[in-house]
Number of protein chains: 4
Amino acid sequence: MRNKKPKYNQIIEAAVAVIAENGYHASQVSKIAKKAGVADGTIYLYFKNKEDILISVFEEKMGQFIEKIVRGTSQLDSADDKLFTLIEMHFRQLSEDHHLAIVTQLELRQSNTKIRLKINQVLRPYLIVIDDIIKEGAREKVFRDNLNIQLVRQMIFGTLDEVVTNWVMKEQKYDLVQQAWEVHAFITHGLSANK
Amino acid sequence: MRNKKPKYNQIIEAAVAVIAENGYHASQVSKIAKKAGVADGTIYLYFKNKEDILISVFEEKMGQFIEKIVRGTSQLDSADDKLFTLIEMHFRQLSEDHHLAIVTQLELRQSNTKIRLKINQVLRPYLIVIDDIIKEGAREKVFRDNLNIQLVRQMIFGTLDEVVTNWVMKEQKYDLVQQAWEVHAFITHGLSANK
Amino acid sequence: MRNKKPKYNQIIEAAVAVIAENGYHASQVSKIAKKAGVADGTIYLYFKNKEDILISVFEEKMGQFIEKIVRGTSQLDSADDKLFTLIEMHFRQLSEDHHLAIVTQLELRQSNTKIRLKINQVLRPYLIVIDDIIKEGAREKVFRDNLNIQLVRQMIFGTLDEVVTNWVMKEQKYDLVQQAWEVHAFITHGLSANK
Amino acid sequence: MRNKKPKYNQIIEAAVAVIAENGYHASQVSKIAKKAGVADGTIYLYFKNKEDILISVFEEKMGQFIEKIVRGTSQLDSADDKLFTLIEMHFRQLSEDHHLAIVTQLELRQSNTKIRLKINQVLRPYLIVIDDIIKEGAREKVFRDNLNIQLVRQMIFGTLDEVVTNWVMKEQKYDLVQQAWEVHAFITHGLSANK
DNA sequence: AATGAATGAGTATTCATTCAT
DNA sequence: TATGAATGAATACTCATTCAT
């Protein structure tokens, strides 16, 4: 497998660090190579081009991010618990890795439209998890059953994403995880069956 | 009045069109000049540099966008009506100007940090409108009164923004304005006083 | 006559000031126009192009410079007196007009080869004065009579010019006119008939 | 050794040729690169920017020029011999490299103030050689002992420089080296102890 | 004569990618 | 595998000059 090779991971980690420290537009391939301790040309033995590095960064990092949330929520029994855990883990994971938070919330968004479409693909499994929770909540009658699932998923993701982005832009000065309660309340109220 | 400077507006309109059609990174000054029907050098009689064009595009367009919403909501009496109108106008205005929607939701986000900070400044009045509606709702007892206003505002803005972005990315194939009802329901439920 | 027009002289004077204050390369036509109190386009009613302004500056200013020296030396009877007067007046005139000294010694030399060839034409009458002094000195037997006049003239001019340039580059901190004695001694010894 | 970096020298030589043939202002980096047989970008592996190329041209070429004169004069015993050799070598070296003569006498003088200050630094060792010869001549009693050394050095350098510049401007149509005798006579007479 | 808004040609530099070793 | 020297495409901005008024 591709990621069995240690240099592959070195380059991914170097890319995250370089982007977080220098910003997207100042992150040259040569800088990433230097940080990774390899020659510029070596990068191209592991990645097709610069775009491929960026997409791979997102794939690897968000892959783990999502997988943890999938595992964390799958053991739970109620939609409500699952939703809270999803929010809490979303916030916690980014809280615990500031570099990753900067890269995903701010820097990678400066990439061109092509990369961002690819990023959306990587996010799909996460969106499916959200969809499943919504459906489960509807089955459990804690959420309304006439919800437009796609729209609701967008609203939930948009809510979480903006809250995290604000936290990053305010330089992570306050406790993000602590906000999970209120965000959870907002969403569950928003979707609740009884007015 | 602005139409005393017809070239200024020509350039702004040309910039929106060029960015929407070519993408942020492929929007050369010369392309904007050509579209505006002026010489390259003329751009620099009206704008300090390329950055200034982009910031001005946002200022002019979002300025009008926000002003209309401010006016539209100010005549209403309840927080609930105001919130619905805000959502509906937010969606309608971007629905009616696809170029602008592409530029604000996708392209301008690729800009560098300096431009994005400026963009945040321009958005501030909009965020204040949202804050005021939240406060008014709390006074009216239709919203909970222990809300963290900053957080709620982020959640509302994130919700709207993500819904619009999805609509743009799906190439505006469906009716965005129609979704205002459900988004409004989600948010008002989310903030409602009674569980 | 061309220079009967007051604006012509305004522009010439403005050009000298602008070049002396900003340096050759930062002396845009628009800056000169502003300093002269006329519109950019007006410049072109009096001068063919920017090159013509610069050449005219040199013509006008060096024309006066040379004419004074011609008059000053013509009343004298010996080559030796004439030579001293030429040196003294050369130094004095530039000493008394620092702007002109900066422009002729430093800034105008940054102009392109075409302008500098033209400048050499303007200097020709001055070189003829030098030639005549050399010939007169030879007739008077105070200078050697087998001198290569062209070469001697170059050496004399080079000597004066470099002394003035050094004085300008050292920011006119010492008295240039005072050096006329030693320069005169150097040249007259250098040309003297008896070893 | 410098020939370990063949590209560095290729670029220097190309720069001299391009400047001599096209003039200072028409010497684009791309032209130099083409002449040197390298890509435009390669220039920037060896030089910081265009200014750095020009300064390096002068440093390299004038460095050799001066070093040869230092070596040539150091083996001689009298100030008179040294002065003659300095003049002869000055003229001979520029005679033998017309491109270099054009570049140093005409083109590089069009450069901006920053480059010209750097050029003055490079020339300093040459001026010190002249100073030393003047002092030695004074000790030997062949030159006057009350000379203002700085002024004399300026006069000598100005003399040589103007003679060379005239030769270059007259398109090198006559023999420059042959003039060394008369220039030497002018200077030694000019400085001689006995009237 | 005078204006000044408009013009548009011209160029240094960066950096992702290649390929000979 | 790994290297890193070399490549070369791509672009914002200035300013001398024009010309409609």
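As the structure is a computational prediction, the values presented were derived from the model and not from experiment.
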(request) Could you tell me which non-hydrogen atom of C:L106 sits nearest to which non-hydrogen atom of C:V168, and how far apart they are? (result) CD1-CG1, 3.7 Å
(message) Please determine whether a side-chain nitrogen of the Lys or Arg among C:K118 and C:E51 lies less than 4.0 Å from a carboxylate oxygen of the Asp or Glu.
(response) no
(message) Check this for me: does any side-chain nitrogen of one of B:K35 and B:E13 sit under 4.0 Å from a carboxylate oxygen of the other?
(response) no
(message) Which nucleotide wins on minimum distance to the side chain of B:Q28, given the candidates E:dA16, F:dA12, E:dT14?
(response) F:dA12
(request) State which of E:dA12, F:dA6, F:dA16 makes the closest approach to the side chain of D:V29. (result) E:dA12
Report the distance from atom [atom1] of [X] to atom [atom2] of [N], rounded to the nearest whole Å.
X     : N      : atom1 : atom2 : answer
A:L45 : F:dG4  : CG    : P     : 13 Å
A:K48 : E:dT18 : NZ    : P     : 11 Å
C:Y8  : E:dA1  : OH    : P     : 15 Å
A:D52 : E:dA16 : CG    : P     : 14 Å
B:E51 : F:dT11 : CD    : C1'   : 16 Å
D:L54 : E:dA12 : CG    : C1'   : 12 Å
C:Y44 : E:dA5  : OH    : P     : 16 Å
A:N49 : E:dC15 : CG    : P     : 17 Å

Give a yes/no answer on whether the side chain of [X] brings an N or O atom under 4.0 Å of OP1 or OP2 in [N].
X     : N     : value
D:T42 : F:dT7 : yes
A:K7  : F:dA2 : yes
C:Y46 : E:dA2 : yes
C:K5  : E:dA1 : yes

(request) Find which nucleotide of DNA chain E each of D:H25 and B:D40 is nearest to by heavy atoms, and output the residue with the more 5' nucleotide. (result) B:D40
(request) Using the closest heavy atom to pick a nucleotide of DNA chain E for each, name whichever of D:A26 or A:K50 lands nearer the 5' end. (result) D:A26
(message) Tell me which nucleotide, if any, is Watson-Crick or G-U wobble paired with E:dA6 when both distances must be under 3.5 Å.
(response) F:dT17
(request) Could you say whether A:A39 or C:G41 is positioned toward the 5' end of DNA chain F, judged by the nucleotide with the nearest heavy atom to each? (result) A:A39
(request) Name the residue closer to the 5' end of DNA chain F, choosing between B:S30 and C:S30 according to the nucleotide with the nearest heavy atom. (result) B:S30
(message) Within the structure provided, determine whether C:Q110 and C:H25 are in side-chain contact (heavy-atom separation under 4.5 Å).
(response) yes
(request) May I ask you to test the C:Q28-C:V18 pair for a side-chain heavy-atom distance under 4.5 Å? (result) no
